[in-house]
Amino acid sequence: MVDIRSLSRDALLGLFQEWNQPAYRADQVLHWLHERRAAGWEAMTNLPKTLRGQLQDHFALQPLELFRKQGSTDTTQKFLWRLADGAFVESVLIPANPALYGEASDRHTLCVSTQVGCAYGCKFCASGLDGWKRNLGIAEIVDQVHAVERWHMGETRNAERGTQGNGSAPRAPQPATRLINNLVIMGMGEPLANYDNLLAALRILNAPWGGSIGARKITVSTSGLAPQIMNLAEDPLQLRLAISLHGATDAVRERIMPVNRKYPLKELIAACEYYQKHKGRMITFEYILIEGVNGSLDQVAPLADLARRLHAKVNLIPYNQVEGLPWDRPEEARCEAFLEALERRGVTATLRREKGHDIDAACGQLRLKTEKEMAR
Ligand code: SAH
Ligand code: SF4
């Protein structure tokens with residue numbers, strides 16, 4: 001059965017017309033789904049019971065199950081979801097300004113997964129270690145945002161109850177406040193290999209009747225699927241694009257990213273230029289620094305050339321160790337030296353400086369750990 005949250009407003013309006021239901025009923029349903037993030041039909045109290053029954057007969061409404069959570073408020077928090085078929089995916093909630101001045105931040109970015117596993121098998125990545133299992137459906141992508149916000153509403157209610165003492169009556173669900181205002185599609189999987197579901201989900205999360213998240217606040221990260229980058233360039237959604245470059249020459253890139261054999265740098269950069277021409281300056285290069293692979297200073301010149309050509313910003317990310325893989329990050333001073341050398345060549349670049357390998361650890365690791373524990 002199709003999950004109702006994968007429907008666009010137009011599709012629901014069309015259906016309600018067939019069912020001889022007024023249009024405002026469709027908007028009521030959308031309000032429950034996307035504004036209130038209802039996790040079941042029984043919550044939709046202003047709908048006639050017969051309509052609720054009819055919807056229930058036609059559609060699934062199956063929220064993601066929170067299986068495990070790591071991290072604490074005001075730091076990065078990882079959510080491990082169990083899907084209806086038992087598969088696991090992760091989302092990561094990142095406060096924009098992690099209590100920098102002692103105040104809790106109310107702006108949050110969610111890192112969203114698009115596939116169970118990944119077929120692209122980058123040598124450094126936990127998500128691809130066990131291969132690809134399946135694409136996520138539209139609703140499974142949309143519900144990562146809803147489910148985190150549902151969790152947050154629950155936390156807020158618990159905190160309020162705590163201050164009122166245990167004897168107080170539970171309060172009615174409050175009108176939703178948005179927690180998440182930025183999305184990065186950088187979780188498990190290759191987003192552009194699940195192109196249609198991803199774009200449908202992002203249209204819903206972007207729509208005023210849906211998530212109302214601005215397209216410019218949504219960044220899609222790809223390992224470099226050149227044809228799909230060109231499709232994205234022609235799409236009206238003004239998304240931001242991040243390229244997981246990790247190597248500025250074919251020799252380096254090929255060593256760690258098998259996708260480079262299919263789409264070598266020349267093709268990838270041509271697709272990026274096409275994207276940039278259509279969209280303006282919205283490309284970022286992600287460059288994980290891996291000791292002995294891509295962090296030596298001779299890589300700075302080719303990287304700077306590519307970045308200047310595309311007016312791309314470079315995000316340097318010291319590698320997060322993955323259990324069972326042989327890679328490590330260069331020493332801090334070497335990362336700083338790489339950054340300085342890039343900047344001297346006129347490139348806008350940042351270096352991620354958080355301490356601790358597991359705080360900002362890339363997606364895929366909590367799933368891996370959980371699956372290993374369950375196998376034991
Ligand atoms: N498949 C897409 C999006 C998911 S990966 C892509 O490859 O772009 C999101 C980012 O995390 C990518 O830049 C990826 O290269 C990076 N990444 C993967 N494993 C990592 C690790 N162990 N340490 C740091 N970054 C990692
Ligand atoms: Fe897949 Fe991206 Fe990981 Fe490569 S880095 S294996 S494309 S998720």
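In each ligand, atom 1 is the first atom listed, and ligand 1 is the first ligand listed. The shown structure was predicted, so the numbers you read here are calculated from the model rather than taken from an experiment.
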Centre-to-centre under 6.0 Å for Trp19 and His58, is that the case here? yes
Show the atoms of ligand 1 that are less than 4.0 angstrom away from any heavy atom in Gly189. 1 (N), 2 (C), 3 (C), 4 (C)
Among all protein heavy atoms, pick the one closest to atom 2 (Fe) of ligand 2 and tell me residue, atom and distance. Gly189 O, 4.5 Å
Numbering as shown, the atoms of ligand 1 that approach Ser244 to under 4.0 Å (heavy-atom distance): 6 (C), 7 (O), 8 (O), 12 (C), 13 (O), 15 (O)
As a check for students: among Val322, Thr284, Asn320, Ile288, identify the option with a heavy atom nearest to atom 25 (N) of ligand 1. Ile288
His246 heavy atom under 4.0 Å from ligand 1: yes
Looking at Phe285 versus His246, is the centre-to-centre ring distance below 6.0 Å? no
Look at ligand 1 and say whether Gly187 reaches it with a heavy atom at a distance under 4.0 Å. yes
Whether the side chain of Arg134 engages the backbone of Val116 through a donor-acceptor N/O pair (distance < 3.5 Å, no angle test) should be reported. no
Quick check: does any side chain N or O of Glu190 sit under 3.5 Å from a backbone N or O of Ser223, one acting as donor and the other as acceptor? yes
Listing by chain and number, what protein N/O/S atoms are under 2.8 Å from atom 4 (Fe) of ligand 2? Cys122 SG
So, Asn294 side chain and Ile290 main chain: donor-acceptor pair closer than 3.5 Å or not? yes
With a heavy-atom distance limit of 4.0 Å, tell me whether Glu286 approaches ligand 1 through its side chain, its backbone, both, or neither. side chain
Is it true that Phe79 and Trp151 have ring centroids separated by less than 6.0 Å? yes
Under 3.5 Å, side chain of Arg216 to main-chain N/O of Gly214, donor-acceptor pair present? no
Where ligand 1 meets Thr222 - atom numbers and elements under 4.0 angstrom, heavy-atom basis: 6 (C), 8 (O)
Are more than 12 heavy atoms from other residues, nucleotides or ligands located less than 6.0 Å from atom CD of Glu336? yes
Any salt bridge between Asp85 and Lys133, counting N to O under 4.0 Å? no
When you look for heavy atoms under 4.0 Å from ligand 1, do you find them on the side chain of Tyr120, its backbone, both, or neither? neither
Could you list the atoms of ligand 1 found under 4.0 angstrom from a heavy atom of Tyr319? 21 (C), 22 (N), 23 (N)
Can you list the atoms of ligand 1 that are under 4.0 Å from a heavy atom of Pro191? 1 (N), 2 (C), 3 (C)
Just by modelled atom types, is the Pro191 backbone N or O under 3.5 Å from a matching donor or acceptor in the Gln115 side chain? no
Pairing residues for Thr114 by the side chain to side chain donor-acceptor pair (under 3.5 Å) criterion, not counting sequence neighbours: none
